[in-house]
**Q** 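This structure is in structure tokens; I'll ask about it shortly.
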Amino acid sequence: MFDIIKNVLEKIKKIKDLKEKLIIGILLKVLATLIFPLIFNFFTVENNEDNKEYNILDKENFIPTFKNINHIVTLEDIKKHIFYIDNTAYVRIEDFPIDELLNIDLRINLYGESPRILITHTHSQEYFIDSEEGNEADSIVAVGRYLANIFTNNGINVVHDTSIYDVVDGKLARATSYERAEAGIRRILEEHEDIEVLIDLHRDASDTKLVTEINGAETAQIMFFNGITRRNIDGEAVDLYDFFNPYIKENLALSLQMFLTANEYYPNFVRKNYIKAYRYSLHILPRSMLVEVGANTSTLEEAKNAMYPLARIIMSVLSLN
């Protein structure tokens, strides 16, 4: 386009008749008034088509990663792409200082003779669609055992707590299971002082089939769960002082870093992180996580298939080596 204009100007210079030059000049001025805006718009649109960053959050199937999370700046962006906020929880934008959460260094030495990781199950009586209820080998505990073996095979010593915290006198008692679990967890931490990571492994309840494919295998999707210790009562914030958690920021940093790492390694493996009002067992250690593996619609095999990618994500985020 610019070469054509240059050639026309060169030809005009060679015209000796002043009247003819004047007429051509007027014509060019008229054409410039009409054509130059079209040329400008053409290049502006072309540039926008080449640079999609301006509307990246509107892209279909946008997947947050460490590379593009800087585009997420508002609470609505956070809710849409990273955290699902339960209606029981009251959250503010200041609860999610993304840059600060990403810069919290959670890495530790996962390797050594003594255990560094504790795997537990506040709800041990969670089963899968093809499980025989009452058979531990078909429960979330069996999935935890599978995860523990993966860590062990990678040189990381773990303690797998198979205690039953959600049954009292032969009946399910989920309402007070976290209190009983905390007592059991603290006894284990007293015995194994080098443990720095707590994994509370659950199976979600959902009518939806929560499955993806990883390396050709049907794999249950997972979800990282957080508690904010603040309730939403008719739109007002009510802090739960009786459920104080000094590690909320570390908990959020851990789940966020694992969420983004998962999206880079295994897109569509993790669901949005979930936030509810209470604290669960996340106040016990800074590196505490509650992980939901699949749902009651998942098979036991799908849940077990999720353990290798989960272990890889955990090691990637937490290991110094």
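Fair warning: this is a prediction, and the values are worked out from it, not measured in the lab.
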**Q** Tell me, which pairs form a salt bridge (Lys or Arg N to Asp or Glu O under 4.0 Å) where one or both residues lie in residues 272-283, sequence neighbours left out?
**A**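 Pairs touching residues 272-283 that pass the test: none.
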**Q** Do NZ/NE/NH1/NH2 and the carboxylate oxygens of Lys171 and Asp169 come within less than 4.0 Å?
**A** no
**Q** Could you list the residues that satisfy side chain to side chain contact (heavy atoms under 4.5 Å, CB included) with Glu213, not counting sequence neighbours?
**A** Glu218
**Q** Might you work through the side-chain hydrogen bond (donor to acceptor under 3.5 Å, both in side chains) test for Ser316 and Tyr265, ending with a clear yes or no?
**A** CA-CA 10 Å; Ser316 177; Tyr265 289 169; 3.0 Å; yes
**Q** Is it the case that the side chain of Asn68 and the backbone of Ile63 share a donor-acceptor pair, with hydrogens and angles ignored and the cut-off at 3.5 Å?
**A**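 Such a contact is found between Asn68 side chain and Ile63 backbone.
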**Q** Which ring-ring contact (aromatic ring centres under 6.0 Å, His included) pairs, counting each pair once, include a residue from residues 301-321, with sequence neighbours left out?
**A**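 Found none.
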**Q** Using atom types as modelled and distance alone, determine if a side-chain donor or acceptor of Asn157 lies under 3.5 Å from a backbone N or O of Glu113.
**A** yes
**Q** Between Leu300 and Asp130, is the side chain to side chain contact (heavy atoms under 4.5 Å, CB included) condition met? List the steps.
**A** CA-CA 7 Å; Leu300 179 63; Asp130 58 344; 3.9 Å; yes
**Q** Check for a donor-acceptor pair, side chain of Glu126 on one end and backbone N or O of Arg203 on the other, with a separation under 3.5 Å.
**A** yes
**Q** Taking side chain as C-beta onward, heavy atoms only, is Arg271 less than 4.5 Å from Ile222?
**A** no
**Q** Just jot down the side chain to side chain contact (heavy atoms under 4.5 Å, CB included) partners of Ile233, sequence neighbours excluded, or say none.
**A** Arg231, Val238
**Q** Other than Tyr241, which residues form its hydrophobic cluster under the rule that side-chain heavy atoms must be closer than 4.5 Å?
**A**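 Hydrophobic cluster check, Tyr241: no partners found.
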**Q** Can you hop from Leu102 to Leu252 via hydrophobic side chains spaced under 4.5 Å?
**A** yes
**Q** Locate the shortest heavy-atom distance separating Val197 from Ile108; write the atom from each residue and the value.
**A**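 It is CG2-CD1, 3.8 Å.
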**Q** Tell me every residue that passes side chain to side chain donor-acceptor pair (under 3.5 Å) with Tyr280, counting only those two or more places apart in sequence or in another chain.
**A** none
**Q** Report the C-alpha separation of Ser206 and Asp204 in whole Å, then their side-chain angles, then the decisive distance to 0.1 Å, and conclude whether the side-chain hydrogen bond (donor to acceptor under 3.5 Å, both in side chains) test is met.
**A** CA-CA 6 Å; Ser206 174; Asp204 202 1; 5.8 Å; no
**Q** Can you measure from CG (Asn109) to CG (Leu320) and round to the nearest 0.5 angstrom?
**A** 6.5 Å
**Q** Within a 6.0 Å radius of atom CG on Asp207, are there more than 12 heavy atoms belonging to other residues, nucleotides or ligands?
**A** no
**Q** Decide yes or no on side chain to side chain contact (heavy atoms under 4.5 Å, CB included) for Met307 and Val143, but give the supporting numbers first.
**A** CA-CA 8 Å; Met307 292 302 96; Val143 179; 3.6 Å; yes
**Q** How close do Ala89 and Ile275 get, counting heavy atoms only, and between which atoms?
**A** CB-O, 4.1 Å
**Q** Donor-acceptor check, side chain of Glu196 to backbone of Leu285, threshold 3.5 angstrom: yes or no?
**A** no
**Q** Is it possible for you to say whether Val270 and Met315 belong to one hydrophobic cluster, with membership spreading through side-chain heavy-atom contacts below 4.5 Å?
**A**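 Same cluster.
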**Q** On a heavy-atom basis, which atom in Leu282 and which in Asn226 lie closest, and how many Å separate them?
**A** CD1-CA, 3.8 Å
**Q** For Gly144 and Ile119, work out which heavy atoms get closest and say how close.
**A** O-CD1, 3.9 Å
**Q** Give a yes or no on whether the backbone of Pro286 and the side-chain of Asn251 come within a donor-acceptor separation of less than 3.5 Å.
**A** yes
**Q** Identify whether Leu106 and Val291 are in the same connected component of the hydrophobic contact network (ILVMFWY, side-chain heavy atoms under 4.5 Å).
**A** yes
**Q** Are Ile117 and Ile195 close enough, and set up right, to give a side chain to side chain contact (heavy atoms under 4.5 Å, CB included), and what steps lead you there?
**A** CA-CA 5 Å; Ile117 296 175; Ile195 289 177; 6.0 Å; no
**Q** Using the test side chain to side chain contact (heavy atoms under 4.5 Å, CB included), find all partners of Ile129 that sit at least two apart in sequence or belong to another chain.
**A**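 Partners of Ile129 by the side chain to side chain contact (heavy atoms under 4.5 Å, CB included) criterion, ordered by chain and then number, come out as Thr299.
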**Q** Please confirm whether the backbone N or O of Ser114 pairs with a side-chain atom of Arg116, one donor and one acceptor, at under 3.5 Å?
**A**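 Looks like yes, one N/O pair under 3.5 Å.
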**Q** Around atom CG of Asp105, are there more than 12 heavy atoms from other residues, nucleotides or ligands closer than 6.0 Å?
**A**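 Correct, the count exceeds 12.
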**Q** Kindly give the heavy-atom pair with the smallest separation between Pro64 and Asn263, and that separation in Å.
**A** O-ND2, 2.8 Å
**Q** Between Arg180 and Asp166, is the salt bridge (charged side-chain N to carboxylate O under 4.0 Å, His left out) condition met? List the steps.
**A** CA-CA 8 Å; Arg180 287 188 293 277; Asp166 54 345; over 6 Å; no
**Q** Show every ring-ring contact (aromatic ring centres under 6.0 Å, His included) that has at least one partner inside residues 124-166, sequence neighbours left out.
**A** His121-His160
**Q** Are any side-chain N or O atoms of Lys209 and backbone N or O atoms of Thr297, one a donor and one an acceptor, separated by less than 3.5 Å?
**A**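 A pair under 3.5 Å: yes.
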**Q** For residues Leu118 and Met258: do they belong to one hydrophobic cluster (side chain heavy atoms under 4.5 Å, members Ile, Leu, Val, Met, Phe, Trp, Tyr)?
**A**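 Different hydrophobic clusters.
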**Q** Consider only side-chain heavy atoms of I, L, V, M, F, W and Y, link residues closer than 4.5 Å, and tell whether Phe225 and Leu210 are in one cluster.
**A**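 No, Phe225 does not connect to Leu210 through the hydrophobic network.
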**Q** Could you give the distance from OG1 (Thr229) to CG (Asp242), rounded to the nearest 0.5 Å?
**A** 11.0 Å
**Q** Applying side-chain hydrogen bond (donor to acceptor under 3.5 Å, both in side chains) as the test, list every pair that has at least one member in residues 281-292; sequence neighbours left out.
**A** Glu182-His283
**Q** Going by side chain to side chain donor-acceptor pair (under 3.5 Å), name the residues that satisfy it together with Asp95, two or more places apart in sequence or in a different chain.
**A**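 Checked Asp95 against side chain to side chain donor-acceptor pair (under 3.5 Å); matches are Arg230.
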**Q** Inspect the surroundings of CD in Glu179 and state if more than 12 heavy atoms from other residues, nucleotides or ligands are less than 6.0 Å away.
**A** yes
**Q** Using distance alone, with no hydrogens and no angle criterion, decide if Arg312 and Tyr266 have a side-chain donor and acceptor under 3.5 Å apart.
**A** yes
**Q** Determine whether Phe269 and Thr219 satisfy the following criterion, side chain to side chain contact (heavy atoms under 4.5 Å, CB included), listing intermediate values before the conclusion.
**A** CA-CA 8 Å; Phe269 176 48; Thr219 303; 3.8 Å; yes
**Q** Who passes side chain to side chain contact (heavy atoms under 4.5 Å, CB included) against Thr152, sequence neighbours left out?
**A** Val158
**Q** Closer than 3.5 angstrom, by distance alone: can the side chain of Asn154 be matched with the main-chain N or O of Ile156 as a donor-acceptor pair?
**A**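 No; judged by distance alone, with no hydrogens or angles, the pair does not exist.
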**Q** If you take all heavy atoms of Leu75 and Ile93, which pair is closest and at what distance?
**A** N-CD1, 3.5 Å
**Q** With a 6.0 Å cut-off (strictly less than), is the heavy-atom count around CD of Glu236, excluding the residue itself, greater than 12?
**A**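 No, the 6.0 Å shell around CD holds no more than 12 heavy atoms from other groups.
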**Q** Ignoring hydrogens and angles, tell me if any N or O in the side chain of Ser131 forms a donor-acceptor pair with the backbone of Asp138 under 3.5 Å.
**A** yes
**Q** Give a yes or no on whether the backbone of Phe66 and the side-chain of Glu264 come within a donor-acceptor separation of less than 3.5 Å.
**A** yes
**Q** I would like to know whether Phe224 and Tyr274 meet ring-ring contact (aromatic ring centres under 6.0 Å, His included); could you show each step before the answer?
**A** CA-CA 6 Å; Phe224 300 115; Tyr274 201 106; over 10 Å; no
**Q** If you look only at pairs with a residue in residues 191-219, which of them pass as a ring-ring contact (aromatic ring centres under 6.0 Å, His included), with sequence neighbours excluded?
**A** His123-His202
